[in-house]
Amino acid sequence: MAKKIKIRASLKNDVTTVKAIMTHPMETGSRKNKESGELIPAHYIQAVIVSLNGEQVFNADWGTGVSKNPYLSIKIKGGAVGDNVALTWKDNLGESETAETKIKAK
Amino acid sequence: MEITRRKAIKGASLAALALSSSGLMKTALANATAFDSTDYSESLELFLGDNELSAGDIKIKAPEVAANGATVPIEITSSIEDTQSISIFVENNPRPYIATFHINPRIEATVSVRVKMRETSNIVAIVKTDAGHFVAKQSVKVTAGGCV
């Protein structure tokens with residue numbers, strides 16, 4: 001099974017750029033199954049949290065309008081090569097995933 | 001199921017307004033209903049409450065023409081001092097309120113994300129600070145709508 005979150009963190013000019021792609025359907029709840037005609041239930045990420053060395057530095061609230069398999073990029077001030085960056089998402093069905101990476105020099 | 005959830009949120013919101021004086025509680029519930037709203041003006045009203053919008057130094061980087069509305073890359077950068085959050089709305093989407101990104105002194109006031117767009121629309125970026133709410137807009141022409 002494909003990894004649910006791909007995450008990269010790179011340090012350049014004292015700024016750590018975090019880029020992540022989350023594998024998630026981001027169903028709006030308005031789409032219909034083409035064969036059965038039934039509505040596909042909403043299933044989307046509602047919260048994203050990014051932490052640096054275990055300390056939360058960023059969070060976001062999402063609705064259904066973020067694209068499928070969401071991409072997110074943010075810039076953390078500072079950080080050092082080897083520091084731990086973690087990203088967690090939580091969806092409307094109570095599912096959750098976390099992925100971690102170490103900051104690399106760019 | 002969706003209707004029940006909406007009713008539940010609206011009910012809870014009214015109860016909270018009646019019973020609780022907690023500002024945080026109100027904001028959280030107002031945000032939940034703003035996300036559910038299917039009308040741009042209504043979602044904006046739910047999001048802003050009594051706050052007014054003024055034009056601000058916000059840069060929206062988005063394609064002029066998006067061939068695929070299912071995934072439109074946008075980057076929003078706020079040059080406004082003490083930016084606390086960046087929120088995105090797509091005016092013509094069935095649910096216009098897309099997301100809010102909470103900014104703090106440890107990160108730069110810039111985010112990149114991909115959004116769904118049903119049709120040609122303005123992308124609206126709203127920045128919240130202690131000094132008020134600021135707004136910027138940019139039009140994106142969509143040639144093939146995303147399933148929103």
Side-chain angles (χ1 to χ4, degrees), chain A residues 8-9 12-22 24-34 38-53 55-79 83 85 89 92-93, chain B residues 1-3 5-6 27-28 30-38 40 43 47 61 66 68-77 85-118 121 123 146-148:
Chain A
R8 257 185 229 170
K12 191 184 174 187
N13 300 332
D14 218 27
V15 172
T16 300
T17 302
V18 180
K19 290 180 182 176
I21 292 178
M22 297 150 243
H24 200 284
M26 296 301 285
E27 282 295 347
T28 61
S30 316
R31 241 158 49 91
K32 280 181 183 164
N33 180 314
K34 275 178 191 155
E38 283 171 20
L39 280 179
I40 303 168
H43 187 200
Y44 60 99
I45 293 174
Q46 286 183 310
V48 180
I49 297 159
V50 177
S51 54
L52 176 65
N53 293 329
E55 196 188 334
Q56 184 180 320
V57 291
F58 170 84
N59 73 303
D61 310 320
W62 285 2
T64 55
V66 176
S67 296
K68 179 182 174 180
N69 298 332
Y71 168 83
L72 173 72
S73 174
I74 61 164
K75 292 179 195 297
I76 302 173
K77 292 175 186 168
D83 279 359
V85 174
W89 60 250
N92 66 319
L93 301 182
Chain B
M1 183 168 166
E2 184 65 24
I3 291 161
R5 190 170 88 94
R6 235 176 251 174
T27 315
N31 270 343
T33 46
F35 272 122
D36 274 342
S37 172
T38 53
Y40 171 64
S43 67
F47 175 80
K61 209 164 119 185
N68 180 3
T71 169
V72 181
I74 58 172
E75 182 182 292
I76 296 174
T77 303
S85 71
I86 296 173
S87 299
I88 303 172
F89 290 75
V90 175
E91 283 181 4
N92 294 349
N93 266 15
R95 289 194 189 83
Y97 181 20
I98 308 289
T100 290
F101 303 88
H102 300 279
I103 307 297
N104 64 66
R106 298 198 59 182
I107 64 168
E108 308 265 350
T110 180
V111 291
S112 297
V113 69
R114 293 176 188 150
V115 303
K116 299 174 195 168
M117 292 184 73
R118 179 174 61 175
S121 170
I123 289 177
C147 303
V148 288

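These numbers come from a predicted model, not from an experiment. Values below: all heavy atoms of this structure, side chains included; hydrogens, waters and symmetry mates excluded.
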Notebook entry, point to check: For B/Pro105, is it the side chain, the backbone, both, or neither that has a heavy atom closer than 4.5 Å to a heavy atom of chain A?
Noted result: backbone
Note to self: Please verify the inter-ring angle class for A/Phe58 with B/Phe101; under 30° counts as parallel, over 60° as perpendicular, anything in between as tilted.
What the structure shows: parallel
Check: What part of B/Val111 lies closer than 4.5 angstrom to a heavy atom of chain A: side chain, backbone, both or neither?
Finding: both
Notebook entry, point to check: Can any side-chain N or O of A/Thr64 pair as donor or acceptor with the backbone N or O of A/Thr28 at less than 3.5 Å?
Noted result: no
Item checked: Most chain A-contacting option - heavy-atom pairs closer than 4.5 Å, from B/Ser85, B/Pro73, B/Ala99 -> B/Ala99
Notebook entry, point to check: If you tally heavy-atom pairs under 4.5 Å against chain A, which of B/Val115, B/Ile103, B/Ile107 wins?
Noted result: B/Ile107
Item checked: Distance (rounded to the nearest 0.5 Å) between B/Ser112 OG and A/Lys19 NZ -> 8.0 Å
Notebook entry, point to check: chain B: which of A/Gly78, A/Gly79, A/Pro70, A/Ala60 shares the most heavy-atom pairs with it under 4.5 Å?
Noted result: A/Ala60
Next item on the list: For the residue pair B/Tyr97 and B/Phe35, categorise the inter-ring angle as parallel (less than 30°), tilted (30 to 60°) or perpendicular (more than 60°).
Entry: parallel
Checklist line | Structural part of A/Val18 lying under 4.5 Å from a heavy atom of chain B | finding: neither
Check: So which part of A/Leu39 gets closer than 4.5 Å to some heavy atom of chain B, the side chain, the backbone, both or neither?
Finding: neither
Notebook entry, point to check: If every non-hydrogen atom of A/Ser67 is compared with every non-hydrogen atom of B/Val72, which pair is closest and at what distance?
Noted result: OG-N, 4.2 Å
Margin query: Quick one, B/His102 and A/Asp61 - any side-chain contact, counting heavy atoms below 4.5 Å?
Written below: yes
